[in-house]
There are 2 protein chains.
Amino acid sequence: MTSRDRLGTSGREAPRRADVYDQCVTEQATRAVAAKRPLRRDAERNRRRILEGAAAAFAEQGLDVTTDEIARRAGVGIGTFYRRFPTKELLIDALFEDRIGKLAELAEECLRAEDPWLGLVAFLDQATARQVADRGLKELVFSTAHGRARIAADRDRIGPLFMALVERAQDAGALRPDVAGTDVALIQLMLTAVADFTRDVAPESWRRFLALVVDGLRTDRAAPSPLPQPALAPGQITQVMACDRPHGR
Amino acid sequence: MTSRDRLGTSGREAPRRADVYDQCVTEQATRAVAAKRPLRRDAERNRRRILEGAAAAFAEQGLDVTTDEIARRAGVGIGTFYRRFPTKELLIDALFEDRIGKLAELAEECLRAEDPWLGLVAFLDQATARQVADRGLKELVFSTAHGRARIAADRDRIGPLFMALVERAQDAGALRPDVAGTDVALIQLMLTAVADFTRDVAPESWRRFLALVVDGLRTDRAAPSPLPQPALAPGQITQVMACDRPHGR
DNA sequence: CCAGAAGCGGAGGGCATCTCTGCGGTTCGA
DNA sequence: TCGAACCGCAGAGATGCCCTCCGCTTCTGG
């Protein structure tokens with residue numbers, strides 16, 4: 001408390017955070033153009049390292065990785081970390097600012113696919129793949145806990161796209177009519193849950209369950225498409241359970 | 001360290017824990033018969049309260065609830081809690097000792113169902129329902145972190161039953177042939193993930209996705225069974241994301 | 001080449017959480 | 001009625017995490 005109060009006569013926290021936020025995020029966006037006062041070369045190199053290390057750490061372990069761990073992976077001291085990104089939240093913003101927007105773009109792309117059904121399936125496949133590859137992204141998609149303005153806006157943008165993907169496939173007669181746009185989101189949630197569980201022993205096995213669900217979604221009930229990926233062996237299941245991760249994560 | 005060493009000349013921890021374990025768990029099982037030295041009436045009443053409060057707490061919040069929370073719900077002091085159950089782990093054992101065994105029994109029952117396919121579907125439905133109703137049970141099923149001997153044994157018992165359920169439905173020609181026993185476990189994992197997410201706004205909506213998956217599992221591809229439960233509204237999704245729970249839990 | 005500004009790293013402060021204990025006072029039951 | 005058993009709670013002790021402080025190092029403009 002005391003040390004923080006000592007920082008400025010303003011005393012209040014929120015304004016200070018806002019200043020820092022502008023300084024940090026907008027600077028990042030405009031520095032290449034304005035070049036107001038470029039970072040010293042070593043500092044810039046460390047900033048890059050932190051960004052890279054954090055990206056890897058968030059992808060592998062989710063947004064809960066500690067700042068110490070990020071600094072360690074980046075090969076810098078914790079002090080250096082906090083000089084560049086005065087708050088962990090700021091770093092998350094800088095890193096993921098465009099990632100969710102990219103998911104929306106993917107949806108738009110799939111909306112333009114020639115075959116509406118294949119467009120929907122492609123979206124499910126690729127959107128899930130991205131979230132499986134990056135746990136941080138998944139957490140950002142499914143929780144508002146960390147998002148700031150920009151990220152929240154992208155989230156809002158994506159809901160209607162789900163609905164459009166669904167309706168288009170239904171109009172084409174390929175998708176069962178009782179599916180809703182929100183189901184698309186929850187299907188991704190289901191699949192990432194499997195992926196989180198099996199990641200260490202069979203990282204691709206979630207695709208097996210995507211195929212299963214997709215077969216449940218289509219109206220053309222001719223013949224089931226064969227399941228990709230081998231099923232897990234019983235031993236693999238116990239192996240996964242053995243490594244003590246926080247429950248359910 | 002010091003206070004614990006002071007407790008006994010034996011000094012070692014493990015033996016002491018084992019003693020307490022016997023005293024606590026086997027006493028519970030045999031007291032009604034042997035009645036060696038019954039608890040005082042108030043003590044017995046509190047023990048019951050703790051068991052009940054803990055059952056409710058574990059069911060709602062998972063095995064990570066704090067001992068303080070359990071004591072609070074039981075309406076007893078934390079000291080009383082620790083007199084009855086010297087370790088949180090012991091309480092978990094006492095409470096869940098038979099729960100996983102019951103899941104195995106359910107599987108055996110479904111194996112005896114007249115229609116193999118309906119037996120499999122019934123198992124998926126009911127086993128998932130139990131885990132949705134009790135988060136603690138789910139965590140115990142999918143992680144060895146908390147289990148002791150008895151619980152581990154029940155877990156081993158259940159794997160072959162999955163396989164039998166699957167083979168029997170396949171032999172009857174109702175289940176697609178490329179499904180494996182382990183898939184049954186992972187399907188439950190998927191569904192409980194949905195349930196964990198939607199629990200607060202639409203606790204039954206996981207059944208929608210069970211229906212979807214079941215339609216993907218069957219070989220009879222005549223017509224999809226209609227999805228039960230209304231789809232979530234877009235607003236419900238954002239509502240769930242808003243309440244800040246630990247990520248992914 | 002050098003002075004001093006900018007940056008570096010990591011020990012540790014502060015805080016929150018959680019499990020479990022010590023102990024003064026209370027309640028039960030023979 | 002008396003003593004053993006029991007109660008509850010304040011808090012010890014452990015851990016984990018975010019973030020700061022500050023002595024030392026590295027860069028860079030003149």
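Quick note on labels: first sequence line is chain A, next is B, and so on, each numbered from 1.
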A.B. asks: Return whichever of A:Thr66 or A:Gly79 has its heavy-atom-nearest nucleotide of DNA chain D closer to the 5' end.
C.D. replies: A:Thr66
A.B. asks: When the nearest nucleotide of DNA chain D is assigned to B:Val76 and to A:Lys88 on a heavy-atom basis, which residue is associated with the more 5' position?
C.D. replies: B:Val76
A.B. asks: Does D:dC7 have its OP1 or OP2 closer than 4.0 Å to a side-chain nitrogen or oxygen of B:Arg84?
C.D. replies: yes
A.B. asks: B:Lys88 side chain to B:Val65 main-chain N or O, any donor-acceptor pair under 3.5 Å?
C.D. replies: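 Checked: pair present.
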A.B. asks: Measuring to OP1 and OP2 of D:dC18, would you say a side-chain N or O of A:Thr67 lies under 4.0 angstrom away?
C.D. replies: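 Looking at the OP1 and OP2 atoms of D:dC18, one of them is under 4.0 Å from a side-chain N or O of A:Thr67.
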A.B. asks: Tell me: CD1 of A:Ile50 to C1' of C:dG7, nearest whole Å?
C.D. replies: 12 Å
A.B. asks: Does a side-chain N or O of B:Asn46 approach OP1 or OP2 of D:dC7 to a distance below 4.0 Å, or not?
C.D. replies: yes
A.B. asks: Look at A:Tyr82 and D:dT20 and indicate whether a side-chain polar atom (N or O) is within less than 4.0 Å of OP1 or OP2.
C.D. replies: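 Checking A:Tyr82 against D:dT20: no side-chain N or O falls below 4.0 Å of OP1 or OP2.
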A.B. asks: As a quick check of understanding, evaluate salt bridge (Lys or Arg N to Asp or Glu O under 4.0 Å) for B:Lys138 and B:Asp196, giving each step before the final call.
C.D. replies: CA-CA 11 Å; B:Lys138 178 205 159 185; B:Asp196 280 343; 3.0 Å; yes
A.B. asks: Starting at atom CG of A:Leu91, determine the distance to atom P of D:dC18, rounded to an integer number of angstrom.
C.D. replies: 11 Å
A.B. asks: Any carboxylate oxygen within less than 4.0 angstrom of a Lys/Arg side-chain nitrogen, looking at B:Arg40 and B:Glu44?
C.D. replies: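 Judged by the 4.0 Å cut-off on N to carboxylate O distance, B:Arg40 and B:Glu44 do not form a salt bridge.
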A.B. asks: May I ask you to test the A:Trp206-A:Gln229 pair for a side-chain heavy-atom distance under 4.5 Å?
C.D. replies: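 They are not in side-chain contact.
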A.B. asks: Rounded to whole angstroms, how far apart are CG on B:Leu63 and P on C:dT19?
C.D. replies: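 Those two atoms, CG and P, are 12 Å apart.
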A.B. asks: List for me each residue that meets ring-ring contact (aromatic ring centres under 6.0 Å, His included) alongside B:Phe209, sequence neighbours excluded, and say none if there are none.
C.D. replies: none
A.B. asks: Starting at atom CZ of A:Arg72, determine the distance to atom P of C:dC8, rounded to an integer number of angstrom.
C.D. replies: 19 Å
A.B. asks: Are any of the side-chain heavy atoms of A:Gln239 and A:Asp200 separated by less than 4.5 Å?
C.D. replies: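 The answer is no; the side chains never approach within 4.5 Å.
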A.B. asks: Is A:Thr80 near enough to C:dG7 that one of its side-chain N or O atoms lies under 4.0 angstrom from OP1 or OP2?
C.D. replies: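 So the side-chain polar atoms of A:Thr80 never come under 4.0 Å of the phosphate oxygens OP1 or OP2 of C:dG7.
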A.B. asks: Rounded to the nearest angstrom, tell me the gap between atom CZ in B:Arg83 and atom C1' in D:dC9.
C.D. replies: 12 Å
A.B. asks: Could you tell me how far apart A:Phe81 (CZ) and C:dG9 (C1') are, to the nearest whole angstrom?
C.D. replies: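 Rounding to the nearest Å, CZ of A:Phe81 and C1' of C:dG9 are 14 Å apart.
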A.B. asks: Could you list the protein-to-nucleotides 28-30 of chain C atom pairs, N/O on both sides, closer than 3.5 Å?
C.D. replies:
from: C:dC28; atom 1: O4'; to: B:Arg40; atom 2: NH2; distance (Å): 3.3
from: C:dG29; atom 1: OP1; to: B:Arg41; atom 2: N; distance (Å): 3.0
from: C:dG29; atom 1: OP2; to: B:Arg41; atom 2: NH2; distance (Å): 3.3

A.B. asks: Using whole Å, what does the distance between atom C1' of nucleotide D:dG16 and atom CD of A:Glu69 come to?
C.D. replies: 14 Å
A.B. asks: Kindly assign one of parallel, tilted or perpendicular to the pair A:Phe96 and A:Phe58, based on the angle between their ring planes and the thresholds 30° and 60°.
C.D. replies: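 Tilted.
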A.B. asks: Taking CG from A:Asp68 and P from C:dG9, how many angstroms apart are they, rounded to a whole number?
C.D. replies: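 In whole Å, C:dG9 P lies 14 Å from A:Asp68 CG.
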A.B. asks: Select one nucleotide: of D:dC7, C:dG7, D:dC19, the one nearest the side-chain heavy atoms of A:Ile78.
C.D. replies: D:dC19
